[in-house]
Undergrad: 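Sharing a structure, written as structure tokens. Questions coming.
Just so you know, these numbers come straight off a predicted model, no measurement behind them. Atoms within each ligand, like the ligands themselves, are counted from 1 in listed order.
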Amino acid sequence: MPDLDRNGVTPEVIAQMASTPDPRLREIMAAAVRHLHDFAREVDLKPDEWLAGIAFLTAVGQACTSYRQEFILLSDVLGLSRLVNVMHDAEGREAAGTETSLLGPFFREKAPEFAAGESIATRDKGGEEIILFGTVTDAAGTPIPEAGIDIWQVDATGLYDLQSGDAAVMDMRGRFRADAEGRFHMRTVRPIGYSVPMDGPVGQFVQRQGRHGLRPGHIHVLVQAPGYRELVTALYMADDPSIDSDTVFGVARSLVVRPERGLPGAPRPDLPAIRYDFRLSRLDAEAGGGRVGADPSQMMPAGR
Ligand code: BEZ
Ligand code: FE
């Protein structure tokens, strides 16, 4: 019989799990147990702390609904989503391809479709109107015709439509299509910075750490075209006070923008505009696919 002491329990758990038929699951779980046990030994985890952790994770699970993914939020504030994103990017993005950013918990499939130049602000909540325009090309700059472009962001009060908890409400999000030369243009309002949801267990956790909980204003963008790797990214407002302290670590230098008047080629010279050219990487059969995130409704068990 093995000695299941402070150190002996770890190899015993891993040995018992060695019967896992799926080799990748076996590898992941062996590493997870190793690190989890090391963590408990390093901090000398006490019973009340262990229970507090379990109560916290229970509350995180209970806060999840079809409109809210508290576990993704937890992953985001711990920087895990950023890390997975960066590793995913390194595998499949061409060097000149646009950098990715977090999908976040507020993406929704099947957003309403708009024609070029239309505004995603369908319920007038105020805010300064701006234009987003540019091209979709491959990494070498060759235009990709007819790419699908989804954008979504908060309204002028700093909330996503999903935060209303009503599935019938779709606002501040839309699908556009680039033209035959890869050009696109759309209207929205200048995105303001906002707080990640603070009314749940993850928000309380962020508060307890003395963090502000803010994200700099941004527009989420998802670009798709056959034969190219899906691009999930976001454009961040340069003048936002939290541009250097994003609570979920989504900002990259190449994604920082500033709406300006008088940009050459801007389709509406009367409005401030952002020009951004999205460069897609070719699909690489060797690189892992998949999105780092999902529509929250797809992560709930059927019927809930
Ligand atoms: C967002 O950008 O929508 C977001 C990302 C991570 C956590 C909360 C919000
Ligand atoms: Fe966001």
Side-chain angles (χ1 to χ4, degrees), residues 60 63-86 88-89 98-109 111 120-121 125 127 130 132 149-165 169-174 186 188-207 209 211-223 231-238 240-252 255-257 259 274 276 291-299:
V60 170
C64 293
T65 68
S66 300
Y67 307 103
R68 177 165 183 155
Q69 234 311 325
E70 195 80 356
F71 263 113
I72 292 189
L73 184 59
L74 178 59
S75 163
D76 295 338
V77 304
L78 293 176
L80 180 62
S81 310
R82 170 68 181 206
L83 174 59
V84 174
N85 230 311
V86 167
H88 182 57
D89 227 24
T98 300
E99 273 190 86
T100 60
S101 186
L102 303 179
L103 183 81
F106 298 114
F107 170 71
R108 292 172 91 172
E109 300 284 359
I120 59 166
K125 300 239 181 80
I130 60 168
L132 173 62
I149 307 162
D150 268 77
I151 65 167
W152 67 105
Q153 65 169 81
V154 289
D155 63 23
T157 71
L159 292 174
Y160 283 92
D161 56 4
L162 265 180
Q163 292 175 299
S164 76
V169 175
M170 282 250 197
D171 185 33
M172 299 307 297
R173 64 180 72 238
M186 49 197 67
T188 180
V189 295
R190 188 189 287 263
I192 60 169
Y194 65 88
S195 169
V196 302
M198 296 299 267
D199 58 344
V202 174
Q204 285 162 13
F205 168 83
V206 165
Q207 257 162 352
Q209 294 173 335
R211 295 162 70 182
H212 57 49
L214 299 172
R215 295 216 69 201
H218 57 274
I219 305 172
H220 292 274
V221 185
L222 185 150
V223 189
L231 173 66
V232 174
T233 193
L235 301 176
Y236 293 90
M237 300 300 116
D240 193 293
S242 59
I243 192 75
D244 291 319
S245 58
D246 182 5
T247 304
V248 298
F249 312 98
V251 182
L255 301 175
V256 175
V257 297
I274 298 166
Y276 206 92
R291 232 179 233 173
V292 188
D295 180 327
S297 65
Q298 294 177 330
M299 301 191 66

Undergrad: Compare all side-chain heavy atoms of Val77 with those of Phe205 and state whether any distance is below 4.5 angstrom.
TA: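 Contact flag for Val77/Phe205 side chains = yes.
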Undergrad: Where does Tyr194 meet ligand 1, judged by heavy-atom distances below 4.0 Å: at the side chain, the backbone, both, or neither?
TA: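 Tyr194 to ligand 1: side-chain contact only, backbone stays beyond 4.0 Å.
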Undergrad: Would you call the rings of His220 and Trp152 parallel, tilted or perpendicular if under 30° counts as parallel and over 60° as perpendicular?
TA: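 Judged by the thresholds at 30° and 60°, the geometry between His220 and Trp152 is parallel.
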Undergrad: Apply salt bridge (charged side-chain N to carboxylate O under 4.0 Å, His left out) to residues Asp199 and Arg68 and explain how you reach the verdict.
TA: CA-CA 12 Å; Asp199 58 344; Arg68 177 165 183 155; 3.0 Å; yes
Undergrad: Relative to ligand 1, is Val77 under 4.0 angstrom through side chain, backbone, both or neither, heavy atoms considered?
TA: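 Neither; no heavy atom under 4.0 Å.
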Undergrad: Between Arg108 and Leu162, is a side-chain contact (heavy atoms from CB on, under 4.5 Å) present by the stated rule, with each step listed?
TA: CA-CA 9 Å; Arg108 292 172 91 172; Leu162 265 180; 3.7 Å; yes
Undergrad: Numbering the atoms of ligand 1 from 1, which are under 4.0 Å from a heavy atom of His220?
TA: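 Atoms satisfying the 4.0 Å criterion: 1 (C), 2 (O), 3 (O).
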Undergrad: Taking only heavy atoms of Phe106, which atoms of ligand 1 are found under 4.0 Å from at least one of them?
TA: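 That gives atoms 3 (O), 9 (C) of ligand 1.
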Undergrad: Just checking, is any N or O donor in the side chain of Thr188 or Gln153 under 3.5 Å from an acceptor N or O on the other one?
TA: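 Gln153 and Thr188 do have a side-chain donor-acceptor pair below 3.5 Å.
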Undergrad: Which atoms of ligand 1 sit under 4.0 Å from any heavy atom of Gly104?
TA: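 By the 4.0 Å cutoff, the relevant atoms are 5 (C).
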Undergrad: Does an N or O from Asp76, backbone or side chain, lie closer than 3.5 Å to an N or O of ligand 1?
TA: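 There is no such contact.
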Undergrad: Any side-chain donor-acceptor pair under 3.5 Å between Ser245 and His212?
TA: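 There is such a pair between these side chains.
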Undergrad: Will you find, in the side chains of Ser75 and Ser81, an N or O donor that is under 3.5 Å from an N or O acceptor?
TA: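 Per modelled atom types, Ser75 and Ser81 side chains form a pair under 3.5 Å.
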Undergrad: To the nearest 10°, what's the angle at the Fe ion (ligand 2) between atoms NE2 (His218) and NE2 (His220)?
TA: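 Approximately 90° at the metal, rounded to tens of degrees.
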Undergrad: Nearest protein heavy atom to atom 2 (O) of ligand 1, by residue and atom, and its distance?
TA: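 Residue, atom and distance for the closest contact: Arg215 NH1, 2.5 Å.
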Undergrad: Which atoms of ligand 1 are found less than 4.0 Å from any heavy atom of Leu73?
TA: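 With Leu73 as reference, the close atoms of ligand 1 come out as 7 (C), 8 (C).
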Undergrad: Is a donor from one side chain sitting under 3.5 angstrom from an acceptor on the other, for Tyr236 and Ser101?
TA: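 Distance-only check passes for Tyr236 and Ser101.
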Undergrad: Would Gln153 count as a contact for the Fe ion (ligand 2), in the sense that one of its N, O or S atoms lies under 2.8 Å from it?
TA: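 Coordinating: no.
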Undergrad: Against heavy atoms of Tyr160, which atoms of ligand 1 measure under 4.0 Å?
TA: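 Within the 4.0 Å cut-off of Tyr160, ligand 1 contributes 1 (C), 2 (O), 3 (O).
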